[in-house]
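Written below as structure tokens is the structure these notes are about.
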Amino acid sequence: MTKGFFITGTDTGVGKTFVAAALAAYLKQQGQDVGVFKPMMSGIQREHPHSDAFLLKTMSGDTNPVEQINPFQFDEPLAPYLAAKRAQREVSFVQLVEAWHQVRDSHAFFLVEGAGGLAVPMGPNYLVADVAKLIDLPLIVVARPNLGTINHTLLTLHFAQSKGLAVAGVLFNGYDPEAGDLAQDTNPSLLAEWSDVPVLGIIPRTEHHSAQALAKLVAECIDLEELYAHC
Ligand SMILES: Nc1ncnc2c1ncn2[C@@H]1O[C@H](COP(=O)(O)OP(=O)(O)OP(=O)(O)O)[C@@H](O)[C@H]1O
Ligand SMILES: C[C@H](N)[C@H](N)CCCCCC(=O)O
Ligand SMILES: [Mg+2]
């Protein structure tokens with residue numbers, strides 16, 4: 001039985017890779033065997049040092065080939081389904097299932113990253129949420145910390161519930177005390193009033209992205225007891 005988390009977000013660019021890489025770095029530092037899987041990636045080459053696949057592989061130490069970690073890669077920075085279509089390609093749900101089955105027994109614990117938010121088209125008839133349902137790991141929802149995130153987060157949680165997806169919690173990522181945004185400080189308690197999904201933590205903006213710094217961030221900012229209660 002594979003354990004782990006499916007890292008999704010309220011949007012593209014909210015920090016899913018940042019959070020997944022940080023969790024991977026922390027778990028590796030704790031001596032855990034952690035696998036990573038990024039089914040589809042668009043807008044960057046696998047080998048680029050800033051690509052999701054490259055960062056997840058590096059921070060986790062996952063020895064699987066990067067082509068198995070990220071089986072489907074597309075060049076244009078678009079929803080994966082559209083990027084594939086414009087490249088005269090299409091990934092059927094069956095192909096995606098096969099790619100997951102190829103790696104899922106290689107580690108006892110997996111961190112899986114979607115693409116953008118839950119309702120992003122990944123194939124001709126399936127969304128990120130449908131892939132999350134297939135992989136069947138509880139979601140970590142990465143959200144922006146600032147004004148506007150309550151709507152995005154409640155919509156994401158509602159959609160996850162409508163798809164029957166288990167949610168471990170929400171992580172507010174990118175807190176910036178210099179932003180002068182009052183909502184950053186009120187959002188966690190406001191979300192707690194309107195959702196029973198736990199707030200797992202608030203991660204500050206940081207310029208320190210080394211494995212050691214990311215692992216420290218996880219230990220300091222994430223309620224790991226709450227998180228592990230869901231896996
Ligand atoms: N807490 C943070 N502090 C500093 N930089 C951050 C933080 N979180 C994310 N970033 C940076 O913000 C950018 C977007 O983050 P990231 O790539 O993790 O988003 P994403 O949700 O994975 O996006 P995509 O949908 O493209 O996969 C990256 O350059 C990342 O390094
Ligand atoms: C290109 C980007 N980095 C992601 N991989 C794909 C994000 C798709 C977002 C689609 C949308 O919500 O409009
Ligand atoms: Mg990413």
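Just so you know, ligand 1 is whichever comes first in the structure, and atom 1 is the first atom listed for that ligand. We're numbering straight along the sequence, starting at 1.
- Taken together through direct or relayed side-chain contacts under 4.5 Å among Ile, Leu, Val, Met, Phe, Trp and Tyr, Val128 and Leu137 form part of one hydrophobic cluster.
- Heavy atoms of other residues, nucleotides or ligands lying less than 6.0 angstrom from NE2 of His101 number more than 12.
- Atom 9 (C) of ligand 2 has Val120 CG2, 4.0 Å as its closest protein atom, hydrogens excluded (heavy atom only).
- Protein heavy atom at the shortest distance from atom 4 (C) of ligand 1 is Thr206 O, 3.0 Å.
- Looking only at N/O/S atoms, Asp52 comes nearest to the Mg ion (ligand 3) through OD2.
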So Lys163 and Asp130, salt bridge (Lys or Arg N to Asp or Glu O under 4.0 Å) or not? Walk me through it.
-> CA-CA 8 Å; Lys163 286 281 194 177; Asp130 300 304; 2.9 Å; yes
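- Proximity of Pro77 to ligand 2 is established by a heavy-atom distance of less than 4.0 Å.
- Under a 4.0 angstrom heavy-atom cut-off, Gly117 registers as lying outside contact with ligand 2.
- The heavy atom nearest to atom 2 (C) of ligand 2, considering only Leu82, Asp11, Thr12, Ile44, is found in Thr12.
- At least one N/O-N/O distance between Pro204 and ligand 1 falls below 3.5 Å.
- Counting the atoms of ligand 1 from 1 in the order shown, those under 4.0 Å from a heavy atom of Glu113 are 22 (O), 27 (O).
- Between His209 and Phe18, the distance separating the two ring centers is shorter than 6.0 angstrom.
- Checking atom 7 (C) of ligand 1 against the protein gives a heavy-atom contact under 4.0 Å.
- With respect to atom 10 (N) of ligand 1, the closest heavy atom belonging to the protein is Phe18 CD1, 4.1 Å.
- If you look at Val142 next to ligand 1, there are no close heavy atoms at all, none under 4.0 Å.
- Nearest non-hydrogen protein atom to atom 5 (N) of ligand 1 is Arg205 NH2, 3.4 Å.
- Heavy-atom contacts of Lys38 reach the following atoms of ligand 1: 27 (O) (cutoff under 4.0 Å).
- In summary, the atoms of ligand 1 found under 4.0 Å from a heavy atom of Gly116, numbered by their order in the structure, are 25 (O).
- The protein heavy atom nearest to atom 1 (C) of ligand 2 is Ser42 OG, 3.5 Å.
- For atom 26 (O) of ligand 1, the candidate residues are Thr12, Thr8, Ile202; the nearest heavy-atom contact is made by Thr12.
- The part of His209 lying near ligand 1 is the side chain, judged by heavy-atom distances below 4.0 Å.
- Protein heavy atom closest to atom 23 (O) of ligand 1, with residue, atom name and distance, is Gly13 N, 3.0 Å.
- Under the 4.0 angstrom criterion, atom 12 (O) of ligand 1 counts as lacking any protein heavy-atom contact.
- Protein non-hydrogen atoms do reach within 4.0 Å of atom 12 (O) of ligand 2.
- Other residues, nucleotides and ligands place more than 12 heavy atoms under 6.0 Å from the CD atom of Gln30.
- At least one N or O atom of Gly15, backbone or side chain, sits closer than 3.5 Å to an N or O atom of ligand 1.
- By the definition of a contact as any protein heavy atom under 4.0 Å away, atom 30 (C) of ligand 1 is not in contact.
- Leu154 and Leu200 are members of different hydrophobic clusters when ILVMFWY side chains are connected at heavy-atom separations under 4.5 Å.
- Among the heteroatoms counted here (N, O or S) of Glu113, OE2 is the one nearest to the Mg ion (ligand 3).
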